[in-house]
Each structure stands twice: as structure tokens, then as C-alpha cells.
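For ligands, and for the atoms within them, numbers begin at 1 and follow the listed sequence.
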Amino acid sequence: MEALYTVLDAFIDQVSDHSIEVFGSGLIHHSYVVKKNEEKVYILQEVNHTVFKWPENIANNIESLSAWLRKTGSNTMLPCPVKTKDHEHYHLINGAYYRLIPFVENSHSINVCNIPEEAYQASLQFGNFTASFQHFPVDSLKPTIIGFHDLSFRWKQFREALNNGNSERINATTQIIADLEDDYAIVSFYDKILNARTFSSRVTHHDTKISNVLFDDHQKGICVIDLDTVMPGFFISDLGDMFRTYLSPANEEEKDMNLVEARREFYQAIIEGYKERMADQMSTDEIKHLNYAGEFMIYMQALRFFTDFLNNDIYYNTQYPDNNLVRTLNQLKLLKSFRGIIA
Ligand code: GN1
Ligand code: MG
């Protein structure tokens, strides 16, 4: 922790008036909250440089997006990192990249979607985020993770893990492998989308979990946060990850699969919020495939957790040996339950 005060000093003065505490539960970065007189003033983050190979791309993307919002007079809010005293995007120390983001006053985030209104508010925010960049030159955004939501690529990584992964784990999970293979149609439909050109490439958030939305004291959404994976993408990523993470009362860590289920009212709330901002920008073909978004994201996450399990857990932080396996079973249960409510 001591070293973090030195990091903070690279950004602001009077560091000794501040305290730093561990913050949040993300699987990728290390996050800390910086407080002054018990009030939250900043989020300090060590960017995971193994996952995000080009932290400068993230910073440049955020800069050009916020310049766009200013230029178009939009009132969409984007919490942007502040620069170091040396005018750098990051403070680099021992190969680690740190950034500092002002804490949005009177805001809070939630970890579970408890009522449909929260799902609606979040979906409205993510829809609004993409809609705000309707005419933005989306291809000018730099990739921050190559192939992030490219399902064909994730499928290839799964196949590779089946060939080169932990053989004991492979032998013990033949049923899961068969289940994932049975759903290959989700992958081939993704390939079709790539070729059909009826789905548009847009400014896409790619991590629309509920904790990435800030709420005010009246439970209204303020804005979206965590802009690391903002890249060109399809709406299925954002709408789909909302289905994946808001529908079930129990999240991806839940071990009791009976508690993992898709809730219809939340499904409707997500669709309503997203359409409110996005419907008039979407093609007929896109509107026809709102449900595909859920299958796409839930399946891809199952595939990613399972691939990591076969590769001996090199990507996701794990708390116990079978954590990625449990996460996979959890997502497969969610996929089944999701199909139940859209049938
Ligand atoms: C990772 O760390 P977090 O929760 O922001 C992952 C997402 C997954 C999620 C699953 C860069 O996000 O794609 O959906 O875990 N982000 C990256 O919990 O891989
Ligand atoms: Mg994230």
C-alpha cells in the first residue's frame, strides 16, 4: 500500500491528506479508492498490462470520444482519467501502468441487479452511450484487446485448448465439451453476421455489467464507466452482456446452479431501456436478433471460462481450483434458462 502513495504523488499534491483503500471486485485490474476526509475523490487503478497490451490506445480512445461529445454538445458524461503532473496518461513504475480517475460525486454502483428498474436504467445508459456516437468515425478507435468479442476467435482458442490444454481436466469434462460443441450454431451465425453487413459496427462498450453504471441517490443512471474495452463492435456485445449479467439473481460465481436463472421482467426492462435510445439507429435485421445477443454473450463467456480452465487458469483470477469450471457450468445453466424465457 505504501508504494501507492508514491504513485498518487505523481498525479496530485498533498498526498498525505488522502487515504487509499482496495476497491471493487473486477477480475482484471487492481483498483483502489482514494479518500480525502472520508470522502471518495479518485479511483486509482493499476491497468492489467498483460491483458491490455497497449494502455496508450485506451487513453487515446477515451480522449477522442470525449472530444466528440464536447464537439457535438452532447450531455452524455464520460469520466476521463486525469493526467500526471508530467502530462502523461499513466504513471509508469516497475513496468506497471497506473491511472487516476476522478470519482463522480454523489454516485454509487451496485453489484447485483435487484429490481427491473435498475436493469432499465443501466440499459438506457449503455444504449445512450452508443447512440451518442452515431456519426463518430468508429474505425478511428484503436483496438485495446485483439479479437475480444470475436466469437470465431474464441472458438479457435477453445479448440487449441482441447489439443494442448491440461489433459486431466479435458478427460474429466467430456460432457461440458460436448455441450459447448452442440451449440456451434451460435458461432456460425456470428460468422454470418460478419459477412451479411446488415449489422453495423458502432462504438461499443464491451463490458456492460451492472457495476459499470453509476447511479445517483434517486437510483437514476448517471453514466457508464470502465472504458477500457470501448472499441468498434456489434450491439450484440453490449445488449448480450446485460442479459448475461442482469437476468440472474445469482452471478457467475454462484456454485448452486438452482439459483442461476433468467428473470423475465429483467429481460423486458433491458430491452425497453436499450431500444429507447437505440431502436431508431438499428436495422430491421438487428432488431430481429435481440435474443441472439443473449445467446452469443452467455455462450462466449462459458467458452472463455472453460478455455481458461483447460489452460490451467492463466487469464481469470481464481479463488479455488475449480473456479473456472464452476463459472462455466453457471453460464451454461444461464444459457439454458435464457432460452426458456425467450422460447
Ligand atoms: C472481465 O474484470 P471485469 O469483470 O471487468 C472480462 C470480461 C468478462 C468478465 C467476466 C478484459 O471483466 O470480458 O466478461 O471478466 N474482461 C476482460 O467476469 O477480459
Ligand atoms: Mg471491465
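- Residue contacts with ligand 1, taken as heavy atom pairs separated by less than 4.0 Å, involve Arg244 solely via side-chain atoms from C-beta onward.
- In summary, the atoms of ligand 1 found under 4.0 Å from a heavy atom of Glu252, numbered by their order in the structure, are 10 (C), 18 (O).
- Residue nearest to atom 4 (O) of ligand 1, selected from His29, Glu253, Lys209: Lys209 (by heavy-atom distance).
- Salt bridge absent: Lys40 and Glu21 never bring a charged side-chain N and a carboxylate O closer than 4.0 Å.
- Taking every heavy atom of Ile145 and a limit of under 4.0 angstrom, the matching atoms of ligand 1 come to 11 (C).
- With Pro79 as the partner, the side chain to side chain contact (heavy atoms under 4.5 Å, CB included) test is satisfied by one option alone out of Ile43, Ile62, Val104, Val224: Val104.
- Proximity to Tyr315 (heavy-atom distance under 4.0 Å) selects the following atoms of ligand 1: 11 (C), 17 (C), 19 (O).
- Residue-ligand proximity: Arg304 is placed with a non-hydrogen atom under 4.0 Å from ligand 1.
- With salt bridges taken as basic N to acidic carboxylate O contacts below 4.0 Å, none links Lys192 and Asp285.
- Only the side chain of Asp207 comes within contact range of ligand 1, with a heavy atom under 4.0 Å; no backbone atom does.
- The cationic atom of Arg202 (NZ for Lys, CZ for Arg) does not lie both less than 6.0 Å from the six-membered ring centre of Phe235 and within 45° of the ring axis.
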Step-by-step side chain to side chain contact (heavy atoms under 4.5 Å, CB included) determination, Tyr98 to Leu8: CA-CA 9 Å; Tyr98 287 91; Leu8 189 59; over 6 Å; no
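- Under a 4.0 Å criterion applied to the non-hydrogen atoms of Tyr316, ligand 1 contributes the atoms 15 (O).
- Checked against a 3.5 angstrom limit, the closest N/O atoms of Thr229 and ligand 1 fall outside it.
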Could you go through residues 113-121 and list every donor-acceptor pair under 3.5 Å that involves a side-chain atom there, pairing it with any protein atom two or more places apart or in another chain?
{"from": "Glu117", "atom 1": "OE2", "to": "Gln121", "atom 2": "NE2", "distance (Å)": "2.8"}
{"from": "Glu118", "atom 1": "OE1", "to": "Asn114", "atom 2": "N", "distance (Å)": "2.6"}
{"from": "Glu118", "atom 1": "OE1", "to": "Ile115", "atom 2": "N", "distance (Å)": "3.3"}
{"from": "Tyr120", "atom 1": "OH", "to": "Glu276", "atom 2": "OE1", "distance (Å)": "2.7"}
{"from": "Tyr120", "atom 1": "OH", "to": "Glu276", "atom 2": "OE2", "distance (Å)": "3.3"}
{"from": "Gln121", "atom 1": "OE1", "to": "Gly221", "atom 2": "N", "distance (Å)": "2.9"}

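- Taken together through direct or relayed side-chain contacts under 4.5 Å among Ile, Leu, Val, Met, Phe, Trp and Tyr, Val138 and Met282 form part of one hydrophobic cluster.
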